[in-house]
Amino acid sequence: MFRIIFVLDIFNRTIVHAQGGTRSEYKPIHFSSHICNTSDAKQIEDTVKPAEVYIADLNLLEKIGKREKNFDIIQAVSESAKVMLDPGVTSVSETEDVMEIVQTVILGTETASLETIKEASSLYPGRISVSIDKKHGKILTNDPELPEDPFKIVELLNDYDLADIIILDLDRVGTSSGVDSQFLSKIVSISRHNVLLGGGVSNVEDIKILEDIGIKGALVATALHNGSIPLEMVRQ
């Protein structure tokens, strides 16, 4: 079954509307949502009732405030749904506390090195997902060991015991701009892991395209908040 994973971007304990990857400009979600009149994570979850949730802790990703600032909120969400969390991991030690509050921890190329990914996936087999983060057409990374070519990254990740890999196109996040089926088809053909897409999914037709090319799931927020994808699809 195709997985539609509900996205919650949390900053300073508030759910915000991620749009285009410019985090400083994100506004509380209730200003733009047609499905909720609050930016409180637990109240939104109670309304949407998603089976799976992807959470990006923007405080950790941007290194703003105390590390555990949003942890109690994230843990509350994880009590009612299966949660994958991107906490901006830069070292294996930073996975320890978050492993206690969510089922899956995401290591993004934006913050994690290839060596950290290798170590974490060995320490927590099947509980690490890797997000290949793209912006302006380039892979976001500070690690010289990570190739600039996303296909080569996927080949390297084939050797690790991961839950999923995520193709996260930050330029398309919140834009409803559609999907790059040719690029994604090639990713699927190379990867030994299930591939999820984040960014650009605009409607049910996009979901059908992704399913047809072998993508196993999509991270979705804007298309749910504006009604283009019905809530029933995220509750399965």
Handout entry: Minimum heavy-atom distance between A56 and L61, given as atom pair plus value
Key = CB-CD1, 4.1 Å
Practice task
Check P147 against I153 and note the closest heavy-atom contact, atom names and distance.
Solution key: O-CD1, 3.3 Å
Problem - Flag side-chain contact, heavy atom, 4.5 Å: Y54 against L196 - result: no
Practice task
Heavy atoms only: give me the nearest F6-P50 pair and the separation to one decimal.
Solution key: CB-CB, 3.7 Å
Problem - Shortest non-hydrogen separation from A81 to E45 and the atoms involved - result: CB-OE2, 3.4 Å
Practice task
Heavy atoms only: give me the nearest V204-P230 pair and the separation to one decimal.
Solution key: CG2-CD, 3.9 Å
Practice task
Return yes if some donor-acceptor pair links the side-chain N/O of R127 with the main-chain N/O of Q103 below 3.5 Å, else return no.
Solution key: yes
Practice task
Using a strict 4.0 Å threshold on nitrogen-to-oxygen distance, state whether K208 and E211 make a salt bridge.
Solution key: no
Exercise for the section: Verify, without hydrogens or angle tests, whether S189 (side chain) and K186 (backbone) share a donor-acceptor contact under 3.5 angstrom. Expected result: yes
Handout entry: Positive for side chain to side chain contact (heavy atoms under 4.5 Å, CB included) with L107, one of T111, T109, V105
Key = V105
Handout entry: Under 3.5 Å donor-acceptor, S78 side chain and I101 backbone
Key = yes
Practice task
Would you give the length of the straight line joining atom NZ of K49 to atom OG of S80, rounded to the nearest 0.5 angstrom?
Solution key: 10.0 Å
Practice task
May I ask you to decide if L114's main-chain N or O and D143's side chain share a donor-acceptor pair within less than 3.5 Å?
Solution key: yes
Fill in the blank from the handout: Taken to the nearest 0.5 Å, the spacing of S181 OG from I209 CD1 works out to 6.5 Å
Practice task
Answer whether the closest heavy-atom distance between the side chains of V201 and L210 falls below 4.5 Å.
Solution key: yes
Problem - Sole candidate of I73, V77, L85 that passes side chain to side chain contact (heavy atoms under 4.5 Å, CB included) when paired with I10 - result: I73
Practice task
Given side-chain hydrogen bond (donor to acceptor under 3.5 Å, both in side chains), test S228 with N226 step by step and report yes or no.
Solution key: CA-CA 6 Å; S228 298; N226 68 22; 2.8 Å; yes
Fill in the blank from the handout: Per side chain to side chain contact (heavy atoms under 4.5 Å, CB included), K69 is matched among I64, L60, N12, D57 by N12
Practice task
Would you check, one step at a time, whether the test side chain to side chain contact (heavy atoms under 4.5 Å, CB included) holds for I139 with I132?
Solution key: CA-CA 7 Å; I139 301 300; I132 299 175; 3.6 Å; yes
Problem - Side-chain donor or acceptor of H193 paired with backbone N/O of Y160 under 3.5 Å - result: yes
Problem - Qualifying residues under ring-ring contact (aromatic ring centres under 6.0 Å, His included), relative to F151, sequence neighbours excluded - result: F183
Handout entry: Side chain to side chain, H17 and D9, heavy atoms closer than 4.5 Å
Key = no
Handout entry: A51 backbone acceptor or donor facing R3 side chain under 3.5 Å
Key = no
Handout entry: Exceeds 12 heavy-atom contacts within 6.0 angstrom, atom NZ of K42
Key = yes
Exercise for the section: Any chance you could measure C36, atom SG, to H225, atom NE2, to the nearest 0.5 Å? Expected result: 5.0 Å
Completion exercise
Output for pair (S185 OG, I215 CD1), nearest 0.5 Å, gives 7.5 Å
Practice task
Kindly say whether D164 contributes a backbone atom to a donor-acceptor pair with the side chain of S129 at under 3.5 angstrom?
Solution key: yes
Practice task
For N142, look at atom CG and say whether over 12 heavy atoms of other residues, nucleotides or ligands are found less than 6.0 Å away.
Solution key: no
Practice task
Evaluate whether atom CG of N203 has more than 12 neighbouring non-hydrogen atoms of other residues, nucleotides or ligands under 6.0 angstrom away.
Solution key: yes
Problem - Y124 and E96: CA distance, side-chain angles, deciding distance, side chain to side chain contact (heavy atoms under 4.5 Å, CB included) verdict - result: CA-CA 10 Å; Y124 304 104; E96 294 173 11; 3.8 Å; yes
Problem - Sub-4.5 Å side-chain heavy-atom contact between T104 and E52 - result: no
Problem - Pairwise side-chain contact, P28 with I15, heavy-atom cut-off 4.5 Å (strictly under) - result: no
Handout entry: E79, CD: over 12 other non-hydrogen atoms inside 6.0 angstrom
Key = yes
Handout entry: Note, F11 side chain near N59 side chain (heavy atom, < 4.5 Å)
Key = yes
Practice task
Take I4 and R235, measure what side chain to side chain contact (heavy atoms under 4.5 Å, CB included) needs, and give me the verdict at the end.
Solution key: CA-CA 8 Å; I4 298 181; R235 293 170 175 166; over 6 Å; no
Handout entry: Over all atoms of both residues, closest heavy-atom pair of I166 and G198
Key = CG2-N, 4.4 Å
Practice task
Rounded to the nearest 0.5 Å, what's the gap from NZ on K216 to CD1 on I5? Could you check?
Solution key: 13.0 Å
Handout entry: Side-chain touch T116/T90, heavy atoms, less than 4.5 angstrom
Key = no
Handout entry: Minimum side-chain heavy-atom gap I167-L184 below 4.5 Å
Key = yes
Handout entry: Check against side chain to side chain contact (heavy atoms under 4.5 Å, CB included), E68 and D97
Key = CA-CA 9 Å; E68 66 278 7; D97 52 358; over 6 Å; no
Practice task
Measure from the side-chain N and O atoms of T95 to the backbone N and O of V92, and report whether any donor-acceptor pair falls under 3.5 Å.
Solution key: yes
Problem - Any donor-acceptor pair under 3.5 Å from S121 side chain to K118 backbone - result: yes
Handout entry: Interatomic distance, T47 atom OG1 to L231 atom CG [nearest 0.5 angstrom]
Key = 9.0 Å
Practice task
For D133 and E110, indicate whether the former's side chain and the latter's backbone hold a donor-acceptor pair under 3.5 Å.
Solution key: yes
